[in-house]
Amino acid sequence: MIIIEIIKQNDPRYPKRLLHIPDPPTQLYVKGAANLLNKPSIAIVGSRNCTDYGYKQALKFSKGLSNKDICVISGMAIGIDTAAHQGAKNGTGKTIAVLGAGFDHIYPEQNIELYNQIIAEGGCVITEHQPEKEVDLSSFPR
């Protein structure tokens, strides 16, 4: 079983860039390599209902960035988010998935295997929600 770490704003591992946004999360729940949280990174997000071309480009860009030791961050939704994580995993770097719910409610269910692979392969999965927080699509944009 993978341990959930709680990283508060005063923890040196808390992502420094989050401290510069309005209303940053007071704490993050983390599974996997928390050391990735302050690594050079880029977010790749996009449509859940993407074209084949868009999916292939997200794979290509994220793999290229991963090979340059840039951590790829995305939301683990189907479509572009999934492609971003897969591409980063196909490269030499790592990826961080940001969940819109707690760890007890991985969404979408078809990405549970991706969730497990990210952690097993040295990546990181984070959420600002307590583990029992159920999926609430209105919280995803946050």
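Quick note: numbers below take in every heavy atom, side chains included, and nothing from hydrogens, waters or symmetry partners.
- Considering all non-hydrogen atoms of both residues, S41 and R17 come closest at OG-NH2, 3.0 Å.
- Here K39 pairs with D69 in a salt bridge; the nearest charged N to carboxylate O distance falls below 4.0 Å.
- Applying the side chain to side chain contact (heavy atoms under 4.5 Å, CB included) criterion to I119, with sequence neighbours excluded, gives I2, K31, Y115, V125.
- Side-chain atoms of N116 come within 3.5 Å of backbone N or O of I112 as a donor-acceptor pair.
- C124 and L37 get closest at one heavy-atom pair: SG-CD2, 4.2 Å.
- A donor-acceptor contact shorter than 3.5 Å links the side chain of T127 to the backbone of A101.
- Between P25 and L18, the closest heavy-atom pair is CD-CD1, 4.4 Å.
- Residues I126 and F103 are members of separate hydrophobic clusters, defined by side-chain heavy-atom contacts under 4.5 angstrom among Ile, Leu, Val, Met, Phe, Trp and Tyr.
- A donor-acceptor pair under 3.5 Å links the side-chain atoms of N67 to the main chain of T92, judged by distance alone.
- E109 CD: 12 or fewer foreign heavy atoms inside a 6.0 Å radius.
- Hydrophobic cluster membership differs between V98 and I6, with clusters built from Ile, Leu, Val, Met, Phe, Trp and Tyr side chains linked at under 4.5 angstrom.
- Counting only heavy atoms from C-beta outward, the side chains of P108 and R48 never approach each other to under 4.5 Å.
- Both I96 and I21 are part of a single hydrophobic cluster, where members link through side-chain heavy atoms under 4.5 Å apart.
- Nearest heavy-atom pair across L36 and G122 is CD1-O, 3.6 Å.
- Counting all heavy atoms, side chain and backbone alike, H85 lies closest to M76 at NE2-N, 3.4 Å.
- At a threshold of 4.5 Å between non-hydrogen side-chain atoms, the residues T95 and E121 do not count as touching.
- Tracing side-chain contacts under 4.5 Å through hydrophobic residues (I, L, V, M, F, W, Y), one never reaches V30 starting from I118; they form parts of separate clusters.
- Put simply, the side chain of R13 reaches to within 4.5 Å of the side chain of E5, judged on heavy atoms.
- Under the 3.5 Å distance criterion, the side-chain polar atoms of N38 are matched with a main-chain donor or acceptor of K16.
- Formation of a donor-acceptor pair under 3.5 Å by the D81 side chain with backbone atoms of G75 is found in this model.
- In terms of heavy atoms, G79 sits closest to Y55 at O-CE1, 3.4 Å.
- Between L99 and I106, some side-chain heavy-atom pair lies under the 4.5 Å cut-off.
- Listed by chain and number, the residues in a side chain to side chain contact (heavy atoms under 4.5 Å, CB included) with Q130 are Y29, E132 (sequence neighbours excluded).
- Residues I4 and P131 are in side-chain contact: their nearest non-hydrogen atoms beyond the backbone lie under 4.5 Å apart.
- The closest donor-acceptor contact from the side chain of D104 to the backbone of E134 lies at 3.5 Å or more, if one exists at all.
- The side-chain heavy atoms of L65 and I44, taken from C-beta on, include a pair separated by under 4.5 Å.
- Placement of I80 and I70 within a single hydrophobic cluster is found when ILVMFWY residues are connected by side-chain heavy-atom separations under 4.5 Å, directly or transitively.
- Residues Q27 and D11 have side chains not in contact (no heavy-atom distance under 4.5 Å, counting atoms from C-beta outward).
- How far OG1 of T82 is from CG of N111: 3.5 Å, rounded to the nearest 0.5 Å.
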